[in-house]
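Chain letters run A, B, ... following the sequence lines, proteins first and then strands; every chain starts at 1.
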Amino acid sequence: MTRYNARATEIKWQKIWQERHSFATPADRTRPKYYVLEMFPYPSGRIHMGHVRNYAMGDVMARFRRAQGFNVLHPMGWDAFGMPAENAAFENKTHPARWTYQNIDNMRRQLQDLGLALDWDREFATCDPSYYRHEQAMFLDFLADGLVYRKESWVNWDPVDMTVLANEQVIDGRGWRSGALVERRKLSQWFLKITAYAEELLSALHSLERWPAKVRLMQENWIGRSEGARLLFDLKAAPAGCEQLEIYTTRPDTIFGASFCAIAADHPLAAALAAHDPKLAAFIAECRQTGTSEEALEKAEKRGHRTAVEAVHPFDPNWRLPVFVANFVLMEYGSGAIFGCPAHDQRDLEFARKYELPVLPVVIPEGIDPAAFTIGDDAYVEAGRIANSRFLDGMSVEDAKAEVTRRAEAGGFGSRTVNYRLRDWGVSRQRYWGCPIPIIHCPSCGIVPVPKQHLPVTLPDDVTFDKPGNPLEHHPTWKHVDCPQCGAKATRETDTFDTFIDSSWYFARFCSPHAETPFEREAAEYWLPVDQYIGGVEHAILHLLYSRFFTRAMKRVGLISLDEPFAGLFTQGMVCHETYRAPNGDYLLPDQVARDDGGVVRVAATGESVSVGRSEKMSKSKKNVVDPSVIIDTYGADTARWFTLSDSPPERDLEWTTQGIEGAWRFTQRLWRLVITLHDNAAGAATGASGDGLGLRRATHKTIALVTKAIEDFHFNRAVAHLYEYVNTLSALKPDENAAAVREALDTLIILIGPMMPHLSEELWQLLGHDTLAIDAPWPKADRALLADDTVTIAVQVQGKLRDTIEAPKDAPRDALEAQVLALEKVQRALDGKAVKKVIVVPNRIVNVVA
RNA sequence: GCCCGGGUGGCGGAACUGGUAGACGCGCCGGACUCAAAAUCCGGUGAUAGCGAUAUCGUGUGGGUUCGAGUCCCACCCCGGGCACCA
C-alpha cells in the first residue's frame, strides 16, 4: 500500500475548494448564521505556532457549524498599522507600506497552506485608506456627539517608541511593546470618553454568559467601581482661588477619626503652594520621578510634605486638620485629595505614625468597650459599631456612611458619589504608521474637523525615518493646509490614532468589507454579534474593552443597534517548548540539538552537552520556536492541526514536542491505511458479510454523539480522544463484519475528522467513491436508539470498596441485582460472615453491600 | 497585599448531577515481521507484596460529611495568572 502523500494531497484539495468558492460567505439570510472570528493578526511576516493553534480552533468551529447547516462567516484580515513597520523602515530603509504588504503576502500564503476555511474575498488591511477613511468619519461623528475631547494632560511617554501610551498599555511601568521605562509628560491629547460608559460596560458584563469568568472579572476590576462620597473641606491659609478642598472617600463613616488631609503632587493646590515654596516644589518633582521607576514604586514608603494650609472639619468649625502633599495620592483617581483616617486604613496608619498624627478609633468591633480599644500596627478595617463620633455613635458602618452623606448633602458640602478606576482612552500617537486624525488646527478658528467630503486624510508616501520622533511632523509640506472654515493658513494634526482603534470595529467591517460606509447596516445586523471569538487572554482588557466601548459609540451615532460585539469568547492557551542552552549560555534552536541513545541532549553539530530548561512560551529571544512552515512541509497541515488540537485542553498551554507531532503523523497514516483496508474488505465481503453489525453501529453513533458534544463545548482534545478510541474499535473489526455497518462507519469517520483534518477527509471521501465534497456533506446525527446498550456493567462494592463487577440487563430490577450480588463468592469472602445491614442499589451503576 | 485559576501514573491529560480513578495519546518494556534497520502489527505498563488468584495503599497536605469523596465542607501548603499607593 502506498503511503499518504500529505503535502501533494493538501495542495490539490486547497485548489479545488478555491475553484469552487467553497468558503464564500452565503448571501442567503434564511438559515441561522454563525460568525466565527479569530483575533486580528498583526502582519509580522511569518506565522508562529500560536497562530496555528488559534486558527485551527476557529477553523474547526467554522467547518463544524457549516456542516451543521449554518451560514458561516469566517473572514481574515490584517491589523496592519503599528510600530514594527516603522522600526523596520528605520532599520532596512524600506517604506512601512512596502514592508507591511510584503508581510501580508507571506502570511496569507502560510495561512492558505493550513487549508483554513476562510472567505478570502473579505480580506482587508487596516492601513488601506479604504478602511481607515471610515475610522476618520466615525471619529468626526463621535466628536460631534461629544464622545471626543482634547485635553492637556499628563501622559505615559514611551521614550523608545517616542509616543504616548494609554494606562492599560503600560505594564510594570514599561511600554507594552517597547519594554522601555515609561516617563510622564504633559501633552495635548485626544481622548475618547470611555468613562461615560463605565457603568454600562460593567453591568453588561453579566450578560456575556459565553465569556470566560476570568476575563469578565479582569474587566470588572479594571473598571474598578466604588461607592463613596465627595466632601468639601474649607481651607485656612490657602492661596487665592483654593479656598475649598474636595476629597473622595469610600469611608465617610470614619469622618470623626480623620487626622489629616492629603492631596496629590499634581493637585492644583499643590501647584499653587509650590510657587512660593521651593521645598515643596522639589518634593513634587521627586514624586513625579518615583511615579515612573517601577522598582521604587513597588516599595516606596508613604511620604508627605506638610503645608501651612489647614482644613476645617466639615462637622466642627473648630477642628483643624493639617494638609499634606503626599506621594501616595493620585490626581487621576477620585478628586486627587483624601482625608486620612489612620485607625481604619493601613496606608493612612503608616503615614500617621511617620508624621506623629493622632490615631483615633471610631469603628469598634462588636462587643468591645470603645475605651479599651486601641490600634497597634494594624488598622481595623472590619465591621463594627461607630464610637467617638458624636451623632454617629452606636450606628453600624453602613448606617453611618448614609448619615454622613445625608448631612453633607443637606449642608451643601458633599454628595454621594460613584467613582471608577477606569480613565478615558487617550488615542493620540506621535507616529507615522497609523490612521491620521482628521483635524486641522487653525490660528483663528481653533480646532476644525476635516470636512467629510475631504476624507480620507491619507498618509504621505515620501517620508524619512532618520530623525527620531514623528515623520509627519518633519514632513516639509503635508501638514500645511488652508483652514476649511476661514481659508487661512493652518496645520494638520500630525498625530495618528492608537492602533487599538483599528481593531475596535474591524469585526463589523467584515460583514460588508467593500461598502462605501463603514459597513452596511443590514449585513452587520445579520452577522453580529460574533458568535465565537477566539484569541489570547492578553487582550482581556485592552482590545476587548475598547471594542465593547466602540460598539456602543457606533450605536450612539446611529450606525448600528448593538451593544456587545462578541457573544462568545474563548481564550486559548499558549504554545510552549523546552528551552536549550549551550555551555556558553547561548540559547539553541530545537533543531540544533539532538537526544543521544541515553536520552542526553547534545548540540547536534558538536556533541557538547546542552542544559534543558523548562517549557516556556515559544519566543524568538529564547529560540524555543518551531516554524509552522517546516512542520507543514514535513508532516502536512492536517497533522499540524491535529496535534495542536489533540494533547491539551484548548484553554491551557500546549507543550510542543517532536514525539507529539510524530504521534499525530502516525495517526494520519494509520487513518489512511485503515479506511483503505476496511473499504477493500467490505467490498470483497459484501455478499458473505456476517451479523447485523449492531455492535459497530452502536460504536459509530456513540462516537457521533460524543464528538459533536465535545466540539460544541470547545473540548477539542476530548473530541480527538473519542476519535482515537473509535479508530481503535474499527482497527479491531473482523474482515467479515457487516458491510453496510462498515460503510456507515467509514463515511461517519471521514466526516467527523473533517473539521480537524479537512484534506485527508476529502481524499478519503473521494476514495470511497463519493462524487461530492466531504465539506458539503451534512454533519451526521446520532440515532438515539443506538446510544444505549442492552446490558450494563455494574460495580459491586462491599463497605464502599470495589470487590467485583457484574454484567446485568439494562434497568434490571433491584431485587434481582441484590440477590445476584449477595451470591457472589467475592462478596461473601469480603463480608467474612458479617450480617448484611443494607444494600444500596444505584440503577445501572453500582450495588453496595453494607455490613 | 488583594482577586482569580490549578495541583490526578514517567509525561500531556480523562472521569456526566458524589457511584468501577487513570479513558485517549506520548514514553517505556516484551514479542512478531526483517539479513538488519525504519515503518507496521500484537501484548504489557499507578505503587507495594505475592509464582498466582488476590490483598493493601493511592487524585498536593491534615481533618470532616457520607453506604461511598478526585468531585462536597473546614484548615493549610505549593504552582500559575491578573491587579495594586484606588482613598
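Relative to the side chain of A:Tyr333, the nucleotides B:C83, B:A87, B:U54 differ in distance, and B:A87 lies closest.
B:C42 and B:C33 have their P atoms separated by 15 Å, given to the nearest Å. A gap of 13 Å separates the P atoms of B:C16 and B:G22, to the nearest Å. Going from the P atom of B:A14 to that of B:C51 covers 38 Å, rounded to whole Å.
Contact of A:Arg845 with B:C16 (side chain to base): a donor-acceptor pair of N or O atoms is detected under 3.5 Å.
Remark: A:Asp647 engages no residue in a salt bridge (charged side-chain N to carboxylate O under 4.0 Å, His left out) (not counting sequence neighbours). Applying the side chain to side chain donor-acceptor pair (under 3.5 Å) criterion to A:Asn624, with sequence neighbours excluded, gives no partner residue. Residues satisfying the side chain to side chain donor-acceptor pair (under 3.5 Å) test with A:Trp656, not counting sequence neighbours, are none. In this structure, A:Arg814 has no side chain to side chain donor-acceptor pair (under 3.5 Å) partners at least two apart in sequence or on a different chain. For the salt bridge (charged side-chain N to carboxylate O under 4.0 Å, His left out) test, no residue two or more places apart in sequence or in another chain qualifies with A:Glu807. Listed by chain and number, the residues in a side chain to side chain donor-acceptor pair (under 3.5 Å) with A:Asp653 amount to none (sequence neighbours excluded). A:Trp211 is linked by a ring-ring contact (aromatic ring centres under 6.0 Å, His included) to nothing, counting only residues two or more places apart in sequence or in another chain.
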Detail all sub-3.5 Å separations between protein N/O atoms and N/O atoms belonging to nucleotides 38-49 of chain B.
residue: B:U40; atom: O3'; partner: A:Arg673; partner atom: NH2; Å: 3.3

Just the atom pairs and distances: protein N or O near nucleotides 66-75 of chain B's N or O, under 3.5 Å.
residue: B:C67; atom: O2'; partner: A:Asn848; partner atom: ND2; Å: 3.4
residue: B:C67; atom: O2; partner: A:Asn848; partner atom: ND2; Å: 2.4

For nucleotides 12-14 of chain B, list the nitrogen or oxygen atoms of the protein found under 3.5 Å from its nitrogen or oxygen atoms, one pair per line.
residue: B:G12; atom: O2'; partner: A:Asp647; partner atom: O; Å: 3.1
residue: B:G12; atom: O2'; partner: A:Ser648; partner atom: OG; Å: 3.2
residue: B:A14; atom: OP1; partner: A:Asn717; partner atom: ND2; Å: 3.4

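Without hydrogens or angle criteria, A:His344 side chain to A:Thr254 main chain gives no donor-acceptor distance under 3.5 Å. A donor-acceptor distance shorter than 3.5 angstrom exists from the side chain of A:Arg421 to the backbone of A:Trp222, with no hydrogens or angles considered.
Between the C1' atom of B:C3 and the CZ atom of A:Arg421 lies a distance of 12 Å, rounded to the nearest Å.
Checked against the 6.0 Å centroid threshold, A:Tyr355 and A:Phe260 do not count as a close aromatic pair.
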For RNA chain B, what is the dot-bracket line, given that a base pair needs Watson-Crick (N1 to N3, plus N6-O4 or O6-N4) or G-U wobble (N1-O2 and O6-N3) geometry with both distances under 3.5 Å, and | means paired with another strand? (((((((..(((......[....)))((((((.......))))))((((....))))..(((((..]....))))))))))))....
Enumerate, atom names and distances included, each donor-acceptor pair closer than 3.5 Å involving a side-chain atom of residues 711-727 of chain A, sequence neighbours excluded.
residue: A:Asp713; atom: OD2; partner: A:Lys709; partner atom: NZ; Å: 2.4
residue: A:His715; atom: ND1; partner: A:Arg718; partner atom: NH1; Å: 3.3
residue: A:His715; atom: ND1; partner: A:Arg718; partner atom: NH2; Å: 3.4
residue: A:His715; atom: NE2; partner: A:Arg718; partner atom: NH2; Å: 3.4
residue: A:Tyr724; atom: OH; partner: A:Trp642; partner atom: NE1; Å: 3.3
residue: A:Tyr726; atom: OH; partner: A:Thr700; partner atom: OG1; Å: 2.7

